[in-house]
There are 2 protein chains.
Amino acid sequence: MESGDHVQELRGRTPRVTAAMVAARAGVSTATVSLVANGKTRGRVSEDNISRVQEAIAELGYVVDSIGSSLAKGISSIVILVAPDISNPFFAKVIAGVRGSLGADYQLLLSVTDAGEFPRVDDVRRLLALRPAGLLVDAPSAAFLDELSVAGPLVLLDAPGLESFAPSVNLDVGHGARLLARHLADSGHKRAAYVDSVTGTATFEIRRAAFLAESAALGVTVAPDHVIGTTIDVGAAASAFAAVWPAWQRDGVTAVVCATDTHAYGVLQEARVAGVRIPQELAVAGFDDLPYSATSSPGLTSVHLPGDALGAKAGEQLRRLMEGKGLEESQLILQSSLIVRGSTEPAGT
Amino acid sequence: MESGDHVQELRGRTPRVTAAMVAARAGVSTATVSLVANGKTRGRVSEDNISRVQEAIAELGYVVDSIGSSLAKGISSIVILVAPDISNPFFAKVIAGVRGSLGADYQLLLSVTDAGEFPRVDDVRRLLALRPAGLLVDAPSAAFLDELSVAGPLVLLDAPGLESFAPSVNLDVGHGARLLARHLADSGHKRAAYVDSVTGTATFEIRRAAFLAESAALGVTVAPDHVIGTTIDVGAAASAFAAVWPAWQRDGVTAVVCATDTHAYGVLQEARVAGVRIPQELAVAGFDDLPYSATSSPGLTSVHLPGDALGAKAGEQLRRLMEGKGLEESQLILQSSLIVRGSTEPAGT
DNA sequence: CTGAAAGCGCTTACAG
DNA sequence: CTGAAAGCGCTTACAG
């Protein structure tokens with residue numbers, strides 16, 4: 001058992017260094033060690049002892065044990081990020097943003113569930129048993145927030161309509177949806193279709209509602225028959241589109257808007273198979289502006305959502321809460337924009 | 001301060017339920033509560049007490065406090081996954097795999113660093129202060145493993161050449177690289193180029209070395225001038241390719257292999273801008289087989305790497321270690337395969 | 001400025 | 001089968 005041996009060997013190598021060991025070495029009490037290790041020395045520890053302890057800490061490689069510390073303080077330094085869809089590439093940007101603004105004082109714990117699933121009450125209880133310093137919840141449902149009775153700092157991300165539950169940071173997806181409708185109207189489209197996401201998060205309701213409303217206002221018809229929904233999956237979107245395209249084409253649909261770029265990739269893929277020329281025969285657009293949308297051929301017109309800023313702002317807000325500072329604004333809204341590419345605009349236009 | 005009020009209100013709502021409260025309600029000692037809560041009742045707690053305690057637990061909504069439990073046991077239920085590049089879409093699959101095989105008994109904590117960065121010693125120490133039940137390290141460098149003297153269960157993912165440090169699960173990227181070389185040779189290419197990743201992880205060394213060796217063996221020339229490297233970024237790859245393409249074209253290069261699909265997207269993008277016909281003038285291929293590779297136009301030929309299986313196997317191995325079971329095999333290698341698409345093969349071939 | 005002591009919530013020998 | 005007690009490592013009033 002090679003591995004076992006190795007682990008065994010490693011196990012002996014690092015005896016835990018405790019505050020008591022540091023105290024003994026520095027000739028002080030563990031209380032003083034704790035004060036120094038936490039930087040709470042102001043007017044409480046002599047310069048002399050500060051340096052003795054710091055030396056001992058360095059020599060021994062002492063690190064405050066999170067477990068002991070958390071138990072004593074009643075709280076850990078863990079921040080839990082709960083999200084329904086970690087495999088969504090958009091989410092990687094959100095995470096990066098959170099991490100950047102949270103800094104090194106907190107440890108970011110991702111609560112990972114199966115794609116599109118939210119953790120159940122049990123899971124959440126188990127998470128809360130870690131005594132997190134704060135909680136970040138991305139794209140929750142009202143039902144989830146209802147049963148999540150959290151006792152500490154909590155910030156919601158991408159939770160439009162749920163502002164009453166907690167401070168939140170949202171994206172103005174409606175604005176982007178309207179820009180998109182206007183763009184299609186300006187390009188002369190009269191009949192459009194919509195491929196929705198069936199995950200049922202609020203952001204998708206808003207994307208669709210805003211697009212449909214603005215389209216109607218601008219004279220672009222989106223018939224009820226021309227709205228379908230699939231999971232956030234290239235293949236699912238592709239086959240759903242394949243099934244309806246003949247009818248849509250017959251009905252004179254010349255533009256398809258997708259709730260996410262991922263859906264749009266499926267439509268593009270199927271359109272290619274079916275020999276539909278993009279954008280001449282069919283304009284295609286999505287939401288999220290994933291990195292690949294700039295690279296696909298044609299490039300995909302998309303509503304750009306600032307995922308990194310979303311994460312960063314949410315992290316900032318949470319941090320203020322965890323540090324006991326108030327929030328200057330408890331509701332933040334970030335701007336979306338429209339990136340027009342070849343999938344809706346003929347080259348050379 | 002709306003948010004502050006809200007948090008305040010929430011704070012009062014959930015007084016922590018402790019084992020002592022459960023014990024009082026059930027009329028037993030906290031020792032018995034602990035035994036029942038942990039399912040260690042076999043021959044140690046009477047049926048009668050078991051049900052009283054279970055009732056009390058249910059009524060009070062008691063959940064064992066992780067912090068207290070961890071301190072008493074000397075270990076937490078956290079599993080830390082350390083990885084240098086969480087924003088890589090390939091990684092989402094790995095995470096999903098890990099989560100699936102780890103199950104609900106362990107909490108998966110992602111150590112998130114900036115793209116391409118590995119945590120520094122300090123960060124790692126802070127992570128270990130959480131007393132994780134186990135550690136998963138993805139694509140580490142030898143230097144990192146050297147300073148990481150871990151005292152518990154540890155499994156390496158995608159760490160070829162580092163098998164001596166710990167049990168590991170690897171991908172046979174070399175095999176895929178050779179299949180790719182053979183495919184290009186069979187398609188009649190005589191001169192190829194290689195766009196490498198500069199992150200310096202072992203897997204990239206192997207991808208390149210295996211491809212170059214097999215190409216040479218099959219009579220496909222890859223001149224030193226025709227090997228470049230960039231970060232894993234579509235834009236970086238695109239501009240690097242733009243800079244060298246005129247010379248490569250002059251030299252008769254008809255195929256470009258990229259260390260990742262992300263690099264390849266950049267090449268495809270730039271090729272489109274430059275009016276290079278794919279695959280007639282230039283064949284392009286990558287590694288990873290990201291979801292978008294099936295969707296791009298043309299589809300991207302890619303070496304498929306089973307990211308979910310990689311995560312799942314690593315999770316399984318770690319789990320065995322954490323449960324004190326030995327490993328049947330401490331080194332696991334997963335198969336890669338070649339997915340041929342339009343970027344290397346003319347439609348209708 | 002300093003240290004002895006209590007306490008955070010749990011688990012685990014131990015004695016009965 | 002059961003419970004009193006010690007102890008995990010730390011932090012924080014508290015007394016000096």
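The structure displayed is predicted, hence computed values, not measured ones. A note on names: the letters A, B, ... follow the listed sequences, proteins ahead of strands, and every chain is numbered from 1.
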> Any salt bridge between Arg320(A) and Glu316(A), counting N to O under 4.0 Å?
Replying inline: no
>> On the nucleotide dT2(C), are OP1 or OP2 found under 4.0 Å from the side-chain N or O atoms that Thr32(A) carries?
In response: no
> Taking OP1 and OP2 of dC1(C), is either one under 4.0 Å from a side-chain nitrogen or oxygen of Asn49(A)?
Replying inline: no
>> Please identify which of these residues, Lys313(A), Gln331(A), Glu163(A), meets the side-chain hydrogen bond (donor to acceptor under 3.5 Å, both in side chains) condition with Asn170(A).
In response: Glu163(A)
>> Without decimals, in angstroms, what is the distance between Asn38(A) CG and dG9(D) P?
In response: 17 Å
> Rounded to whole angstrom units, what separation is found between the CG atom of Leu60(B) and the C1' atom of dG9(C)?
Replying inline: 15 Å
> What is the distance from CZ of Arg16(A) to P of dG9(D), rounded to the nearest Å?
Replying inline: 7 Å
> Using a cut-off of 4.0 Å on non-hydrogen atoms, how would the nucleic acid contact of Val33(A) be classed: base, sugar-phosphate, or nothing?
Replying inline: nothing
> Does dT11(D) have OP1 or OP2 sitting under 4.0 Å from an N or O in the side chain of Lys40(A)?
Replying inline: no
> Across the strands shown, which category fits Ala19(A) at heavy-atom distances under 4.0 angstrom: base, sugar-phosphate, nothing?
Replying inline: sugar-phosphate
>> Measuring to OP1 and OP2 of dT11(D), would you say a side-chain N or O of Ser34(A) lies under 4.0 angstrom away?
In response: yes
> For Ile67(A) and dG7(C), what is the distance between atoms CD1 and P respectively, to the nearest whole Å?
Replying inline: 22 Å
> Atom CG of Leu71(B) and atom C1' of dC8(D): how far apart are they, to the nearest Å?
Replying inline: 4 Å
> Want to settle it: does Lys73(A) or Asp48(B) sit nearer the 5' end of DNA chain D, counting the closest nucleotide to each?
Replying inline: Asp48(B)
>> Counting only side-chain nitrogens and oxygens, does Ser46(A) get under 4.0 Å of the OP1 or OP2 atom of dT2(C)?
In response: yes
> Taking the side chain of Leu35(A) as its heavy atoms from C-beta onward, which of dT12(D), dT11(C), dT11(D) lies nearest to it?
Replying inline: dT12(D)
>> Any heavy-atom pair between the side chains of Leu108(B) and Leu110(A) that's under 4.5 Å?
In response: no
>> Rounded to the nearest 0.5 Å, what separates atom CG in Leu318(A) from atom CD1 in Ile80(A)?
In response: 11.0 Å
> Between Arg319(A) (side chain) and Leu102(A) (backbone), is there a donor-acceptor pair under 3.5 Å?
Replying inline: yes
> Should dC14(D) form a Watson-Crick or G-U wobble pair with both distances under 3.5 Å, which nucleotide is its partner?
Replying inline: dG3(C)
> OP1, OP2 of dG3(C) versus side-chain N and O of Ser29(A): anything below 4.0 Å?
Replying inline: yes
> Once you round it to whole Å, what is the distance between P of dG9(C) and CD1 of Ile75(A)?
Replying inline: 13 Å
>> Quick check for you: among dG3(D), dG9(C), dG3(C), whose closest atom lies nearest to any side-chain atom of Asp65(B)?
In response: dG9(C)
> Does a side-chain N or O from Thr18(B) land closer than 4.0 Å to OP1 or OP2 of dG9(C), or not?
Replying inline: no
> For the side chain to side chain contact (heavy atoms under 4.5 Å, CB included) test, which of Ile67(B), Leu130(B), Leu71(B) pairs with Ser70(A)?
Replying inline: Ile67(B)
>> Under 4.0 Å, heavy atoms only, any strand: does Arg131(B) hit a base, just the sugar-phosphate, or nothing?
In response: sugar-phosphate
>> Need to verify one output field. Residue with the more 5' nearest nucleotide on DNA chain D, Gly68(B) or Arg44(B)?
In response: Arg44(B)
